[in-house]
Number of protein chains: 2
Amino acid sequence: MLCVVDVPRAIKPVDFLEKPRPEVAREAVERGVSEHRCVIIIGACEVSYRGRASSKLELGERVVFIKEDGALLVHRPSQYSPVNWMPPQCLYETRTVGNSLVIKAVRRKPSEAIEITFNRIHAIATLTLTDRGEFSLYASEEEMGEAIKSDPNLIEPDLRLTSMEKKVEPGFIDLYGTDKQGRLVVIEVKRTTAGRRAATQLARYVEAIKQHTNRKVRGILVAPNISKETKTLLATLNIEFKQLSPRRCAETLNRKRERETLDKYARNTKMD
Amino acid sequence: MLCVVDVPRAIKPVDFLEKPRPEVAREAVERGVSEHRCVIIIGACEVSYRGRASSKLELGERVVFIKEDGALLVHRPSQYSPVNWMPPQCLYETRTVGNSLVIKAVRRKPSEAIEITFNRIHAIATLTLTDRGEFSLYASEEEMGEAIKSDPNLIEPDLRLTSMEKKVEPGFIDLYGTDKQGRLVVIEVKRTTAGRRAATQLARYVEAIKQHTNRKVRGILVAPNISKETKTLLATLNIEFKQLSPRRCAETLNRKRERETLDKYARNTKMD
DNA sequence: GTTTCCATTTCGTCA
DNA sequence: TGACGAAGTGGAAAC
C-alpha cells in the first residue's frame with residue numbers, strides 16, 4: 001500500500017542572492033527558469049525588443065520578473081505598465097558577456113524576441129510560490145439582481161420593475177416588471193453561463209404566472225452568456241435571452257453607491 | 001571653491017528582509033512608500049478590491065510590487081497581467097492585525113480601494129532605483145534618418161539624398177539632397193511632435209546653406225506630427241512639414257534588413 | 001485555430 | 001482637467 005505523507009519542501013520559498021557575479025547570476029536565472037520557478041532580477045540593464053514592434057530601452061535600474069510560465073516583465077520604478085515584456089511560454093537563453101549578463105527570450109507566432117543586458121545586478125530572488133486561491137471578479141448573483149433593480153435599462157429601455165424578491169428556487173433571483181407595451185416581464189438571473197436548468201425553471205414560472213393573468217407574459221433569462229443548446233431550448237420555450245455580465249452589474253452598483261454617498265454628503269452639508 | 005566628490009549613496013539600492021515579523025514588515029512598507037522607494041513583498045495574502053469593479057482573491061502566495069509613484073501590482077506566479085492593481089498616485093495605509101500585515105491603498109476619482117492581507121511574509125525588498133534611460137518604440141531618431149536615406153520616397157518621389165550625417169545640434173539628424181527639380185533639400189528629423197525649437201533650428205540651417213549657393217533651398221521638417229503653433233511658425237519661416245512616424249521608418253528598416261538577410265542567404269547558397 | 005469585443009483597460013495627446 | 005484614440009494592447013468568448 002502506498003503511503004503519502006506531507007513532506008516539507010526541500011526548496012526554500014525565496015532564494016536570495018545579493019550582488020551575484022555574472023556567472024553566478026546566469027546560473028541562478030537558468031536554473032530558476034528551467035525549474036519553473038519565479039525569478040526576480042534587480043539591476044541596471046538595457047533592453048531591446050524586436051517582433052510585433054521594435055524598441056530600445058537605454059541603461060537604467062529596473063526590476064525584471066520572470067514567471068513560472070515564462071512570462072517576462074521589465075518594470076521601471078514608476079507606472080503601472082511594464083516597459084517591456086514577453087508573453088507566457090517563451091523560451092530562454094542566457095549568457096555572460098564580459099561582466100554582463102544577457103537574458104534572451106524568444107517566441108514563435110508571432111515571432112518576437114527580447115534581449116536584456118545587465119551590466120550590474122543588485123540582487124536576484126528565486127521564488128517557489130503556491131497559489132491556488134480563486135479569483136472572483138465583479139458581482140455576485142444577488143448583486144446582479146440589485147443592479148438590475150436599480151437600473152432596469154441594463155435589460156431594456158422603459159422597463160419598470162417591482163421589487164418582489166421572491167425566490168422560486170434557491171440561488172436564483174427573480175425580478176418582475178412591466179415593459180414598454182405593458183406586458184408582464186419575468187426575469188431570471190444567472191451569474192455564469194446559463195444552462196438548461198435555468199431555462200426550464202424560468203419557463204415553468206412563466207407558465208405559472210400566465211395562469212393568474214390575462215396579460216401577455218415575457219420570460220427573460222439574464223446571464224453573461226448561454227450555451228448553444230440552451231439557446232435552442234429557449235426558442236422552443238419562447239423565452240428571451242439577455243446577455244449581461246456581472247462586471248457590468250458591478251459597475252452599475254458602484255456608480256449607484258457613489259451617487260448615494262454624494263447625496264448623503266450633500267444632505268449633510270445642507271443641514272449644517 | 002566647491003569640491004564635488006562622488007559620494008556613495010547612504011541608501012543601499014536593495015534592502016532585503018527575510019521572514020520579517022508583521023510589525024517589522026509594516027514599518028518597512030510604510031517607510032519605503034513614504035520615501036518613494038519601490039517595495040516588493042513576497043508572501044501569502046488575500047486581496048479584496050472595490051472601485052471600478054469589485055473583486056476578491058483568496059489566499060495564495062504572490063508578489064506585491066509597490067512602485068515609487070504609488071502604483072501597486074499584485075502578481076500571481078503565472079500570467080502576464082497582475083491579478084489586482086492600483087494606479088499611480090494612490091495613498092497607503094498599513095496596519096497589523098494579529099499576526100497579519102494589512103496594506104490598504106485608496107484613490108479618488110475614480111474612487112477605488114484595495115486591501116491586501118498578508119498572513120505570511122517570506123521576504124520584503126525595498127529598492128532605490130535610478131532609471132533615466134530613454135525608451136524608444138519603433139525607430140530612434142537616428143534610425144529614422146537611416147530609413148529615409150535608404151528610401152527617400154518616405155519623404156517624396158524622386159528625392160535623392162547624399163549621406164552627410166553632419167549634426168547641427170546634438171540629437172538632430174540632418175539629411176541633405178536634391179529634389180526632382182534640382183533644388184537643394186535640407187531635412188531635419190524629429191522622433192516626437194515637432195516643436196518651435198526644431199522649426200527655428202532648421203530655418204537657421206536653411207539660411208546658412210543659402211549663403212553658400214545660388215540654388216533654391218527647401219527646408220523640410222520631418223516628424224510624426226506637429227503642434228498647431230509650430231505649423232503657423234513653419235509657414236512664416238517658409239519651411240515644409242512632412243509627417244513621418246518612427247513606426248513607418250522601423251517597418252521600412254525591417255523590410256530592408258529582411259531583404260539583406262535574404263540576399264546574403266541567397267549568395268551563400270549559390271556559392272555552395 | 002481565427003475573429004470579435006471588453007477592460008478596474010493604460011497611456012498618450014490635445015483642446 | 002476631460003475627451004478622444006492607439007496599443008508590441010491582454011484576455012475571454014464566439015464562431
Side-chain angles (χ1 to χ4, degrees), chain A residues 47-57 67 69 71-76 78-90 105-107 109-114 135-139 192-194 223-228 230-231 241 243-255 258, chain B residues 47-57 67 69 71-76 78-90 105-115 135-139 191-195 223-231 245-247 250-251 254:
Chain A
V47 184
S48 69
Y49 164 82
R50 185 79 177 278
R52 285 175 284 175
S54 321
S55 76
K56 182 91 180 101
L57 177 61
K67 294 200 182 187
D69 57 1
L72 179 147
L73 310 169
V74 181
H75 271 285
R76 311 188 82 165
S78 298
Q79 295 278 31
Y80 162 85
S81 311
V83 60
N84 279 114
W85 71 92
M86 285 289 277
Q89 314 300 343
C90 60
V106 299
R107 174 167 95 132
K109 216 169 168 183
S111 165
E112 51 188 345
I114 196 172
F135 176 70
S136 53
L137 191 55
Y138 311 115
T192 57
T193 302
N225 56 58
I226 190 172
S227 64
K228 200 136 198 171
T230 306
K231 199 166 193 174
F241 172 67
Q243 185 173 46
L244 182 63
S245 65
R247 63 194 73 176
R248 183 99 182 278
C249 293
E251 284 161 15
T252 302
L253 280 180
N254 285 331
R255 273 196 297 273
E258 211 165 296
Chain B
V47 185
S48 69
Y49 164 80
R50 188 78 175 273
R52 285 175 283 177
S54 317
S55 75
K56 179 91 180 120
L57 178 61
K67 295 201 183 187
D69 57 1
L72 179 146
L73 310 169
V74 181
H75 272 285
R76 311 188 83 165
S78 296
Q79 296 279 22
Y80 163 85
S81 311
V83 61
N84 278 114
W85 71 93
M86 286 288 278
Q89 313 302 341
C90 59
V106 298
R107 173 168 96 133
R108 298 281 172 220
K109 223 173 161 176
S111 165
E112 51 187 345
I114 195 172
E115 192 172 272
F135 175 72
S136 52
L137 192 56
Y138 299 105
R191 202 192 161 274
T192 57
T193 302
N225 56 55
I226 190 173
S227 65
K228 202 136 197 169
E229 58 173 340
T230 306
K231 200 165 193 174
S245 66
R247 181 172 189 154
E251 283 161 9
N254 284 340

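Computed from heavy atoms alone, side chains included, the values below leave out hydrogens, waters and symmetry copies. Residue numbers begin at 1 in each chain, while the letters A, B, ... track the order of the sequences.
- Side-chain atoms of B:Asp69 never come within 3.5 Å of backbone atoms of A:Ser78 as a donor-acceptor pair (strictly under, hydrogens ignored).
- When rounded to the nearest whole Å, the span between OH of B:Tyr138 and C1' of D:dA6 equals 10 Å.
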Nucleotide-level pairing of DNA chain C, given in dot-bracket where Watson-Crick and G-U pairs need both distances under 3.5 Å and | marks other strands: |||||||.|||||||

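- For the pair A:Asn84/B:Phe135, a side-chain contact is recorded, criterion being any heavy-atom separation below 4.5 Å from C-beta on.
- Between the CZ atom of B:Arg76 and the P atom of D:dG11 there is a distance of 13 Å, rounded to whole Å.
- Computed from coordinates, the A:Phe135 CZ to D:dG10 P distance equals 18 Å when rounded to whole Å.
- Using a 4.5 Å heavy-atom cutoff, the side chains of A:Arg50 and B:Asn254 are in contact.
- Non-hydrogen atoms lying under 4.0 Å from DNA chain D are contributed by B:Tyr80, B:Ser81, all within residues 80-87 of chain B.
- Residue contacts shown for A:Gln79 are limited to sugar-phosphate atoms, with no base heavy atom under 4.0 Å away.
- Among the atoms of the strands shown, none is found under 4.0 Å from any heavy atom of B:Arg107.
- Protein atom CD1 of B:Ile226 is 15 Å distant from nucleotide atom C1' of C:dC14, rounded to whole Å.
- D:dG11 and C:dC11 have their P atoms separated by 15 Å, with the value rounded to a whole Å.
- For CZ of A:Arg52, the number of neighbouring non-hydrogen atoms (other residues, nucleotides, ligands) closer than 6.0 Å is greater than 12.
- Atom-to-atom, CD of B:Gln89 to C1' of D:dT1 comes out at 15 Å; the value is rounded to the nearest Å.
- Each of A:Pro88 and A:Ser55 was matched to the nucleotide of DNA chain D holding its nearest heavy atom; the match closer to the 5' end belongs to A:Ser55.
- Partners of B:Thr230 according to the side-chain hydrogen bond (donor to acceptor under 3.5 Å, both in side chains) rule, which considers only residues two or more places apart in sequence or in another chain, are B:Ser227.
- Atom CD of B:Glu251 is separated from atom C1' of D:dG8 by 12 Å (rounded to the nearest Å).
- Residues A:Met86 and B:Tyr80 fail the side-chain proximity criterion, which asks for heavy atoms closer than 4.5 Å.
- Of the side-chain N and O atoms in A:Lys109, none sit less than 4.0 angstrom from OP1 or OP2 of C:dG1.
- Of the two residues near DNA chain C, B:Thr193 and A:Leu137, the one whose nearest nucleotide lies more 5' is A:Leu137.
- Whole-Å rounding puts the A:Leu73 CG to C:dT10 C1' distance at 15 Å.
- The closest side-chain heavy-atom distance from B:Val47 to B:Val83 is not below 4.5 Å.
- Between A:Leu137 and B:Ser55 there is a side-chain heavy-atom pair separated by less than 4.5 Å.
- Listed pair B:Arg52 / C:dC6 fails the phosphate criterion, with no side-chain N or O lying under 4.0 Å from OP1 or OP2.
- Distance CD (B:Glu229) to P (C:dT13): 15 Å, rounded to an integer number of Å.
- Put simply, the side chain of A:Arg107 never gets that close to the backbone of A:Pro87: no donor and acceptor are under 3.5 Å apart.
- Checked by atom type and distance alone, the side chain of B:Lys67 never pairs as donor or acceptor with a backbone atom of B:Pro88 at under 3.5 Å.
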